[in-house]
There are 2 protein chains.
Amino acid sequence: MEKEITIYDIAKDLGVSPTTVSRALNNHPAVKEKTKMRIFEAALKMGYQSNVFAANLRSKKTHNIGVIVPRLNSSFQSSVIAGMEKVATDAGFNLIISQSLESYDKEIANVHTMFNSRVDGLLVSLAANTEKIDHFKPFMKKGTPVLFFDRIAECEDCTGVTIDNIQAAYKATNHLIEQGCKKIVHVLGNIKINVYADRLKGYKYALLDKGLAFEDALVIYSDLNEEAGEAIVKKIMALKPLPDGLFVSNDACAASCIRHLKLEGIKIPEDIAVVGFNNDVISRLIEPNITTVNYPGFEMGEVAMKNLINHLEGQTIGILTNTNKITLRSELIIRDSSKRKKEQ
Amino acid sequence: MEKEITIYDIAKDLGVSPTTVSRALNNHPAVKEKTKMRIFEAALKMGYQSNVFAANLRSKKTHNIGVIVPRLNSSFQSSVIAGMEKVATDAGFNLIISQSLESYDKEIANVHTMFNSRVDGLLVSLAANTEKIDHFKPFMKKGTPVLFFDRIAECEDCTGVTIDNIQAAYKATNHLIEQGCKKIVHVLGNIKINVYADRLKGYKYALLDKGLAFEDALVIYSDLNEEAGEAIVKKIMALKPLPDGLFVSNDACAASCIRHLKLEGIKIPEDIAVVGFNNDVISRLIEPNITTVNYPGFEMGEVAMKNLINHLEGQTIGILTNTNKITLRSELIIRDSSKRKKEQ
DNA sequence: AAATTTAATACAACCGATTTCATATTTTTA
DNA sequence: TAAAAATATGAAATCGGTTGTATTAAATTT
């Protein structure tokens with residue numbers, strides 16, 4: 001309730017103008033070093049706190065960056081956010097975070113809120129059923145950069161940060177083939193999402209290269225949550241003959257599948273070898289440990305944020321507009337759920 | 001880059017004053033319904049977007065609420081945040097989220113940032129090694145409400161939302177005793193955190209009530225992460241005779257313990273019955289399913305946010321200042337990891 | 001119909017920092 | 001030492017809403 005200290009108070013106190021105080025506090029070169037010092041000290045002593053809103057109002061910059069993810073409670077997504085937060089905080093930016101909960105409508109609402117909050121930039125991982133990206137148009141129109149990560153949009157003038165999902169899925173599938181699998185089931189999410197579409201491609205390419213036939217019946221669509229295993233396993237058990245490999249596009253779901261396969265008396269990896277995706281905590285806790293693709297979440301967050309901020313600060317004019325895809329390295333981590341041969 | 005539409009533009013267009021436009025857009029009762037309609041339509045047609053900063057500058061309200069959690073990638077914490085987000089969004093507030101990563105220093109930095117961002121209120125779950133809460137004083141001094149949840153501060157004039165950890169731990173321990181356990185190990189986190197201190201109490205009280213002796217050797221301190229199981233199990237295996245019950249203050253860690261116990265040839269629940277805490281996804285995926293305490297994260301988020309917002313909107317003046325603890329219900333969910341008797 | 005009350009709108013100051021342009025001061029050069 | 005250049009500081013307009021007070025228009029009462 002006490003009156004706020006403003007640059008005017010400092011100015012009056014020191015007998016200088018508010019202009020000089022403002023410049024000094026922003027470390028403007030046109031203020032004498034000695035004057036700066038006096039102002040810094042006075043500001044500190046008087047308990048001055050800059051009013052962001054006055055600054056934002058005038059400078060039209062908020063130093064806020066919006067982040068929209070499908071869900072916060074995903075170990076992958078929260079690693080990404082942790083990486084983003086680190087870079088943003090170091091650069092003096094705040095993070096405004098919201099989740100779409102995989103809903104297109106909520107995503108639209110979130111984008112709206114972000115627009116009204118006038119974030120300087122937006123980082124987005126798309127919801128499952130987002131097909132159009134018209135809701136980002138106000139940003140494009142205004143010139144506010146929008147950068148997609150992981151779940152990126154197929155759009156000419158959009159920049160995105162991802163891993164090479166095709167390659168990762170190729171490696172995963174190939175690994176199963178090398179372990180002797182001849183009939184591999186692939187479980188994936190909504191094919192509208194680039195991530196799953198690409199992994200399906202990688203799976204197909206690997207089969208093709210090794211001379212195995214692709215069958216529609218071996219592709220199972222699922223929402224990949226931790227309860228999905230039961231339904232998936234039911235479908236698997238209906239296949240004759242039984243498959244001997246399983247590539248699931250998500251560790252939590254892979255874990256659920258393993259659980260239900262074991263309940264059916266299937267031995268992992270002897271009867272069916274399993275590979276997951278994401279390197280979630282759960283992949284290390286479940287019995288057997290799940291072979292999985294390590295997804296560099298933290299790094300992805302860092303890279304995405306760093307690019308956005310560089311662009312905002314005009315350090316790399318054009319990088320974001322010319323590049324339209326940044327691809328990060330991913331790796332297959334081989335664990336017991338797929339390890340059949342000893343010479344691995 | 002196009003010029004922004006302001007209330008002045010709308011005012012000029014309709015031949016009214018900016019005041020009226022402002023009031024109409026804020027649904028002020030002193031504006032005729034017909035005029036409001038005209039203004040709304042014009043605003044929509046002209047693509048008007050309110051400038052939050054001008055509004056904030058004058059009204060000294062940001063409609064931003066700060067949230068600081070130890071980690072975002074905890075299924076519990078993210079449920080809490082989901083609950084908060086829902087309530088906040090419905091009430092027209094934004095969420096600014098940051099994580100302390102269990103570091104006191106980072107928490108201080110986060111609180112600082114929140115203060116500078118002039119959030120209208122702050123919701124905090126404390127970092128593990130936070131003992132003093134002096135860093136919140138600027139908020140108190142300014143009259144900005146700070147509300148703790150889950151990891152609350154022991155402080156006279158602080159409000160907090162939690163579950164009854166003593167009772168929850170009592171029930172969990174009691175359940176193990178009822179399953180025939182005579183020697184129960186309790187694994188918990190930093191005792192400075194109220195959550196763990198209270199659970200330890202509940203554990204002790206249950207032992208006491210059932211005439212079992214409390215032994216310091218049966219209490220194991222850990223950081224409760226998913227790798228901690230190995231070290232914990234090593235300690236457990238060193239106990240002679242082996243314990244027959246295990247109460248772990250966190251599901252991920254309980255899962256890790258179960259994994260390593262099984263590697264040692266221990267049968268769950270026959271040799272050692274296990275109870276976890278939180279009802280994390282993992283408790284339902286691990287073999288056997290983990291008996292656990294359901295922690296109403298989403299609800300906790302809702303309740304905390306609702307209280308804060310009510311206070312901000314002056315609807316329940318005094319509720320927050322008079323109440324200094326809100327306790328939510330929790331329940332024990334019994335699953336296979338502890339179920340020895342059939343008549344359960 | 002005049003007087004009084006109430007409803008609707010307008011004026012103008014204000015929130016606090018930023019920034020353009022002008023001015024004062026100091027330093028360098030001729 | 002005067003003139004030119006460089007440096008440091010200040011005055012005032014500006015960003016775009018909000019809000020207390022004044023004013024006008026409409027409704028109600030006498």
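Since the model is a prediction, treat every value here as computed from it, not as a measurement. What's counted below: heavy atoms across the whole structure, side chains too, no hydrogens, waters or symmetry copies. Here is how names work: the chains are called A, B, and so on, in the same order as the sequence lines, proteins then strands, and each is numbered from 1.
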> When the distance from NZ of B:K61 to P of D:dT18 is rounded to whole Å, what number comes out?
Replying inline: 12 Å

> Among B:N64, B:L312, B:L308, whose side-chain contact (heavy atoms from CB on, under 4.5 Å) with B:F93 holds?
Replying inline: B:L312

>> Tell me if the aromatic rings of A:F136 and A:F115 count as close, with their centers under 6.0 Å from one another.
In response: no

> Which whole-number value in Å describes the distance from B:L25 CG to D:dG17 P?
Replying inline: 9 Å

>> Does B:E85 form a salt bridge (Lys or Arg N to Asp or Glu O under 4.0 Å) with A:K106? I'd like the steps, not just the answer.
In response: CA-CA 12 Å; B:E85 204 222 13; A:K106 189 140 168 46; 3.5 Å; yes

> Does a nitrogen or oxygen in the side chain of A:N26 sit under 4.0 Å from OP1 or OP2 of C:dT18?
Replying inline: yes

>> Salt bridge check, A:K36 against A:E41: does any charged N sit closer than 4.0 Å to a carboxylate O?
In response: no

> Using a cut-off of 4.0 Å on non-hydrogen atoms, how would the nucleic acid contact of B:T6 be classed: base, sugar-phosphate, or nothing?
Replying inline: sugar-phosphate

> Between A:I10 (CD1) and D:dT9 (P), how many Å, whole number?
Replying inline: 15 Å

>> Which nucleotide wins on minimum distance to the side chain of A:E4, given the candidates C:dA17, D:dG17, C:dG16?
In response: C:dG16

> What integer distance in Å separates A:K12:NZ from D:dA11:P?
Replying inline: 14 Å

> Rounded to whole angstrom units, what separation is found between the CZ atom of B:F53 and the P atom of D:dT18?
Replying inline: 14 Å

>> Does any part of the side chain of A:M84, heavy atoms only, come nearer than 4.5 Å to the side chain of A:F149, both counted from C-beta?
In response: yes

> So does B:K36 get a side-chain nitrogen or oxygen closer than 4.0 Å to the phosphate oxygens (OP1/OP2) of C:dA8?
Replying inline: no

>> Expressed as a whole number of angstroms, how long is the span from B:H28:NE2 to D:dT19:C1'?
In response: 9 Å

>> If I take atom CG from residue B:L126 and atom CD1 from residue B:I193, how far apart are they, to the nearest 0.5 angstrom?
In response: 8.5 Å

>> I'd like to know if the side chain of B:S22 pairs up with that of B:T19 as donor and acceptor (distance under 3.5 Å, no hydrogens or angles considered).
In response: no

> Could you go step by step and tell me if B:N56 and B:T62 meet the side-chain hydrogen bond (donor to acceptor under 3.5 Å, both in side chains) rule?
Replying inline: CA-CA 5 Å; B:N56 288 346; B:T62 68; 5.7 Å; no

> To the nearest 10 degrees, what angle separates the axes at the start and end of the helix from C:dA1-D:dT30 to C:dA30-D:dT1, five pairs each?
Replying inline: 40°

> How long is the line joining CD1 of B:I5 and P of D:dG17, in whole Å?
Replying inline: 10 Å

> Quick one: CD on B:E107 to CG on B:N129, what's the gap to the nearest 0.5 Å?
Replying inline: 8.5 Å

Below 3.5 Å is the cut-off: list the nitrogen or oxygen pairs between protein and nucleotides 22-24 of chain D, distance only.
none

>> How many whole angstroms separate atom CG of A:N51 from atom C1' of D:dG16?
In response: 14 Å

> Considering all heavy atoms of both residues, which atom of A:A127 and which atom of A:S100 are nearest to each other, and what is their separation?
Replying inline: CB-OG, 3.6 Å

> Do B:F139 and B:V111 come close enough that some side-chain heavy atom pair is under 4.5 Å?
Replying inline: yes

Just the table, please: protein N/O against nucleotides 9-13 of chain C N/O, every pair under 3.5 Å.
{"unit_1": "C:dT9", "atom_1": "OP1", "unit_2": "B:T35", "atom_2": "OG1", "d": "2.6"}
{"unit_1": "C:dT9", "atom_1": "OP2", "unit_2": "B:K32", "atom_2": "N", "d": "3.0"}
{"unit_1": "C:dT9", "atom_1": "OP2", "unit_2": "B:T35", "atom_2": "OG1", "d": "3.3"}
{"unit_1": "C:dA10", "atom_1": "OP2", "unit_2": "B:S17", "atom_2": "N", "d": "2.7"}
{"unit_1": "C:dA10", "atom_1": "OP2", "unit_2": "B:S17", "atom_2": "OG", "d": "3.2"}
{"unit_1": "C:dA10", "atom_1": "OP2", "unit_2": "B:T20", "atom_2": "OG1", "d": "2.8"}
{"unit_1": "C:dA10", "atom_1": "N6", "unit_2": "B:R23", "atom_2": "NH1", "d": "3.1"}
{"unit_1": "C:dA10", "atom_1": "N6", "unit_2": "B:R23", "atom_2": "NH2", "d": "3.4"}
{"unit_1": "C:dC11", "atom_1": "N4", "unit_2": "B:T19", "atom_2": "OG1", "d": "2.8"}
{"unit_1": "C:dA12", "atom_1": "N6", "unit_2": "B:T19", "atom_2": "OG1", "d": "3.3"}

> If you round to the nearest 0.5 Å, how far is NE2 of A:H63 from CG of A:N94?
Replying inline: 9.5 Å

> In terms of side-chain heavy atoms of A:L57, which of D:dT19, C:dA17, D:dC15 is nearest?
Replying inline: D:dC15

